[in-house]
Structure formats: structure tokens, C-alpha cells
Amino acid sequence: MATDQEKNKQLLIKLLERPGNGSCVDCGAADPEWASYTLGVFVCQSCSGLHRNISQISKVKSVLLDPWSDAEVEFMASNGNDAAKAKYEQKVPVFYYRPTHTDCQLLREQWIRARYERKEFVCVERQEPYSAGYREGFLWKRARDNGQFLSRKCILSERDGALKYFNKHDAREPKALMKIHTLNASFQPGKIGQPHGLQVTYLKDNSTRNIFVYHKDGKEMVDWFNAIRAARFHYLQVAFPGAHHADLVPKLTRNYIKEGYMEKTGPKHTEGFKKRWFTIDDRRLMYFKDPLDAYARGEVFIGSKENSYTVLPGLPPSTQGYHWQFGITIVTPDRKFLFTCETEEEQQDWMAAFQGLVNRPMLPQEYAVEAHFKHKP
């Protein structure tokens, strides 16, 4: 005869089959096996660890391994993930970034704290740090030449259409002015070496400029990130009047399609291969001597197959001077670009990323970007 514990476990497993409960309430990961018995939600193992950081609000247990009381199971049954979302996500701004299970811990933790601890999406006035259209503060910025992080005053102004930073706290003129319409931001804690590290990019003379910043307070950094997204959203609403929110949100910020090391050779294919750090940012393939360089050493535009772009495994037979054995050839209307990867797995990953771009038809505005690349010296 089944014990009360076994019955409760079976009831919990049944609850996981209800609509909404089959994925983590916080990050969307499939098949959650943990639950907050004070909030009444099912979460993945990774998010359960983040819930322990707000133990005054959320207490978690394993659905399968921990003992459950009848009252706790009844509470889970009367709540659940969909009910929690209805309660805690009443007024999430359309531009606010909702992290997934592939995002860094900082984004997921601050999303969890914003919902349950700070109740930002129930009380709209608590959203002011990222929704006011203006933000000013100090961030630690990596110096371009020596790699030191220095405190810099930063101002984001929707009215001015720009994010600015100042080298001196009392400076009148900014050191850099980053127009909102070319701005992007993505969290890169591993690359930057800071748990709250944010990479900000913008176009300067149609070349990509990288800036690396962080703040010791995780909330502060995520607020900056969402303020950038808000400014981008309002800019795009004006630029594309009548566009649906669902079409604008994916354009607010973007993560890189792929990053990593490959070897490359020059346009004559006789210069010898050199190891470089590569980044695919939309249709721009950029390469750097160091992952934290301010500017790329070069950029390659990758268009669609309809426009004579193709990706091939391997290198032309006459190629010499490479160390890594797994080659890739990108054919563009103007020339061939040759790369090599250290492992076959890396080659397959890069090939898949390039092929995804080649298979994607070009948008009208991407033809203008392609033209800029062709006119580059």
C-alpha cells in the first residue's frame, strides 16, 4: 500500500502535467524537477539555486527527492506556473528582457528578484530606473589601451538619441557618443572576466566599436541593459510607425550568433594563417587579435545564396600555411575567405552558423550595409 509520501509524490508529478507547469516558470527550461512551495511554482534546478538567494520569499524542494506535506501539495495544486505569471507579470514592459535558460546567471537572478522580491511588474513606479527615458550613473569601463577598468560617468538620453560616456567626471564633452539607432548590448561575463560584464557596441564610421563595462551591483547593470532596450524600442516605434511590438522586440538587443577562435589567411591566400577571435553579429563576421579589442581587424559581410554567397567545407587544394586541419571557405561575390578550425565539431558549428545566414533572404536595409562593405578601402 502506497505511503502518504508516495501519494504526494505522484500528485506532484501529475501537477507537472498541467498546462504551464511543464517548463520552468522563470527561464522556460523543459521538465522542471524543483518547486517553490511558498510561491507555488515549478522551476528547473538552475533557477532553484537562484530562488535560494531570496529564501525569505521562496523556499524550494525537489519534487522527486524531498518529503512533501499534504498542505504543501495542496498549495502547489491551487497555484502553479500560469497563476504565478498572471500574478507577478501583470505589467512587464514590452521592452523588458525575459531571460531563457541559455542566458547568464545575472539576467536570470535579476528577473527572479524583479518579479518576486521587488514586485516590479505589479508596481509600475518601481520600473522607473529603466523606463524613464533618461539614466545617469557611473560604470567601470575597460580602457582601450591598457585593459584597466576605470570609473566613467555615463548618460543615456532618449531625447538626445544617444548613450554617452565621459573620461572625466566634470567633463563637458563626452569621450564617445553612441547613437541609439546603432546601439547593441549583450552580457559577456566570461569574456570580460566580470560577473556583471556588459559588451556595448555601436557603429562609428560604419565600423563596429566595442566598449566593455560592468557595475558591482547586478541590479544596476541589468537596469542599464533594460534602459538601453527601452530607448531602442521607442526609437524603433518612431522609425517604423505601425509596426507590431512582436516585430520590434527582437531588434532591441541581440546576442552574437557565434564567437570563438579560427585561423585566417589574407586575400591572396599566400600570407600564412593567423589565429584570430571571430564574432558573428547578425551578417557581420568580425575578427580581432584579442577578444576584448575595441575595433575589429576586419569585417566580412555575409549575404544570402540568392546574392551569390556560399559556404563550403574544406579549403582549395593549393592552400598552404595552415595549422588547424578543418577548413571552411566562404565565397562572396568579390572573393573567397578561407578559415580553419581546431576541431571538426568547431568546424560544424561555424558551418551551421554561416549556412543559417546564407539561407536567410536579405532584407532591404541589408543591401545598404553590403554596399558599405564593398566601398571600404
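To the nearest 0.5 Å, atoms CG (N255) and CG (D103) are separated by 6.0 Å. How far CG of L50 is from SG of C44: 8.0 Å, rounded to the nearest 0.5 Å. Atom OG1 of residue T332 and atom CZ of residue F337 lie 5.0 Å apart, to the nearest 0.5 angstrom. With rounding to the nearest 0.5 angstrom, the CD1 atom of I257 is 6.0 Å from the CD1 atom of I280. Summarising the geometry, atom OG1 belonging to T38 is positioned 10.0 Å from atom CG belonging to N79; distances are rounded to the nearest 0.5 Å. One finds the CG atom of L285 at 5.0 Å from the CZ atom of F339 (value rounded to the nearest 0.5 Å).
Heavy-atom minimum distance, F166 versus I155: CE1-CD1, 3.8 Å. Nearest heavy-atom pair across I302 and L357 is CG2-CB, 4.1 Å. Here the shortest heavy-atom pairing between C154 and L139 reads SG-CD1, 4.0 Å. When all heavy atoms of L338 and T329 are compared, the pair lying nearest together is CD2-OG1, 3.6 Å. Nearest heavy atom pair, residue V43 against residue P32, reads O-CB, 3.2 Å. Pairing each heavy atom of W350 with each of C341, the nearest pair is CD1-SG, 3.8 Å.
Applying the 6.0 Å contact sphere to CG of D217 captures more than 12 heavy atoms from other residues, nucleotides or ligands. Within a 6.0 Å radius of CD in Q45, other residues, nucleotides and ligands contribute 12 heavy atoms or fewer. Other residues, nucleotides and ligands place no more than 12 heavy atoms under 6.0 Å from the CD atom of E345. Counting heavy-atom neighbours within 6.0 Å of H244 NE2, excluding the residue itself, gives a total of 12 or less. Atom CD of Q355 is surrounded by more than 12 heavy atoms from other residues, nucleotides or ligands within 6.0 Å. Residue-environment remark: CD (E220) exceeds the threshold of 12 foreign heavy atoms within 6.0 Å. Dense packing is recorded around CD of E366, with more than 12 heavy atoms of other residues, nucleotides or ligands lying under 6.0 Å away. With a 6.0 Å radius and a threshold of 12 heavy atoms from other residues, nucleotides or ligands, Q56 has its CD atom above the threshold.
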Quiz prompt | Full working for side-chain contact (heavy atoms from CB on, under 4.5 Å) between L12 and M76 | solution = CA-CA 8 Å; L12 286 167; M76 295 300 299; 4.2 Å; yes
Quiz item: Do Q320 and T270 pass the side-chain contact (heavy atoms from CB on, under 4.5 Å) test, and can you show the C-alpha distance, the side-chain angles, and the key distance before you say yes or no?
Solution: CA-CA 7 Å; Q320 296 180 335; T270 57; over 6 Å; no
Self-check item: salt bridge (Lys or Arg N to Asp or Glu O under 4.0 Å) between D160 and K164, worked out
Solution: CA-CA 10 Å; D160 296 342; K164 305 171 231 181; 3.0 Å; yes
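Side-chain contact of E120 with Y88: a donor-acceptor pair under 3.5 Å is absent, judged by distance alone. If you check the side chains of R118 and Q110, you find a donor sitting under 3.5 Å from an acceptor. At a cut-off of 3.5 Å, with distance as the only test, no side-chain donor of Y202 or N210 sits close to an acceptor on the other residue. Residues Q5 and T3 have side chains that never bring a donor and an acceptor to within less than 3.5 angstrom of each other. In this structure, a donor-acceptor pair under 3.5 Å is present between the side chains of Y309 and E370. A donor-acceptor contact closer than 3.5 angstrom links the side chains of R108 and S46.
Evaluation of the side chain to side chain donor-acceptor pair (under 3.5 Å) rule for E259 yields Q188, K191, W277, T279 as partners, not counting sequence neighbours. Annotation: side chain to side chain contact (heavy atoms under 4.5 Å, CB included) contacts of A77 (sequence neighbours excluded): L15, R18. Scored by the side chain to side chain contact (heavy atoms under 4.5 Å, CB included) test, Q365 finds L363 as partners (sequence neighbours excluded). Annotation: ring pair (Phe, Tyr, Trp, His ring centres under 6.0 Å) contacts of H245 (sequence neighbours excluded): F233.
Neither L315 nor V311 shares a network with the other; the hydrophobic side chains, linked directly or stepwise wherever heavy atoms of I, L, V, M, F, W or Y lie under 4.5 Å apart, form separate groups for each. Under the 4.5 Å side-chain heavy-atom criterion for grouping Ile, Leu, Val, Met, Phe, Trp and Tyr, W111 is not connected to V122 through any hydrophobic cluster. Cluster annotation: I112 is connected to V25 through the hydrophobic network of ILVMFWY side chains, with a link wherever side-chain heavy atoms come within less than 4.5 Å. Hydrophobic clustering keeps W324 apart from M351 (ILVMFWY residues linked when any side-chain heavy atoms are closer than 4.5 Å, directly or through intermediates). Grouping the Ile, Leu, Val, Met, Phe, Trp and Tyr side chains by contacts below 4.5 angstrom, directly or via other members, places F212 apart from W224.
Tested against E299 for a salt bridge (Lys or Arg N to Asp or Glu O under 4.0 Å), the candidates R284, R209, R283 yield a single pass: R284. A salt bridge (Lys or Arg N to Asp or Glu O under 4.0 Å) with D26 is found for one member of R115, R113, K85, R98 and no other, namely R115. The residue from D281, D282, T201 that alone fulfils the side chain to side chain donor-acceptor pair (under 3.5 Å) condition with R254 is D281.
Between Y235 and H181, the ring planes lie tilted relative to each other; the angle falls in the 30° to 60° range. A tilted orientation is assigned to the rings of F278 and Y287, their planes being inclined by 30° to 60°.
With hydrogens and angles disregarded, a donor-acceptor distance shorter than 3.5 Å links the side chain of N81 to the backbone of G20. In terms of modelled atom types and a separation under 3.5 Å, the side chain of Q127 and the main chain of K91 share a donor-acceptor contact. Side chain of H269 to main chain of T265: no donor-acceptor pair is present (N/O by atom type, distance under 3.5 Å, no hydrogens or angles). Within the 3.5 Å criterion, the main-chain N or O of H323 finds a donor-acceptor partner in the side chain of Q325. Listed for the D293 side chain is a donor-acceptor partner under 3.5 Å among the backbone atoms of K289. Side chain of Q90 to backbone of K87: a donor-acceptor contact under 3.5 angstrom is found. Not a single donor-acceptor pair under 3.5 Å links the side chain of R297 to the backbone N or O of F288.
A salt bridge is defined here as a Lys NZ or Arg NE, NH1 or NH2 lying under 4.0 Å from an Asp or Glu carboxylate O, and E128 with R135 fails to meet this definition. Under a 4.0 Å N-O distance rule, the pair K219/E117 does not qualify as a salt bridge.
The cationic group of K275 lies under 6.0 Å from the six-membered ring centre of Y261 and within 45° of the ring axis, placing it in a cation-pi geometry.
With a 4.5 Å cut-off on side-chain heavy atoms, Y96 and V222 count as touching.
In this structure, the ring of F138 has its center no less than 6.0 angstrom from the ring center of H215. Taking the six-membered ring for Trp and the full ring otherwise, Y97 and F225 have centroids separated by under 6.0 Å.
Pairs of residues two or more places apart, or lying in two chains, that qualify as salt bridge (Lys or Arg N to Asp or Glu O under 4.0 Å) and include a residue from residues 139-159 are E136-K153. Screening residues 30-84 for ring pair (Phe, Tyr, Trp, His ring centres under 6.0 Å), with sequence neighbours left out, gives H51-Y116.
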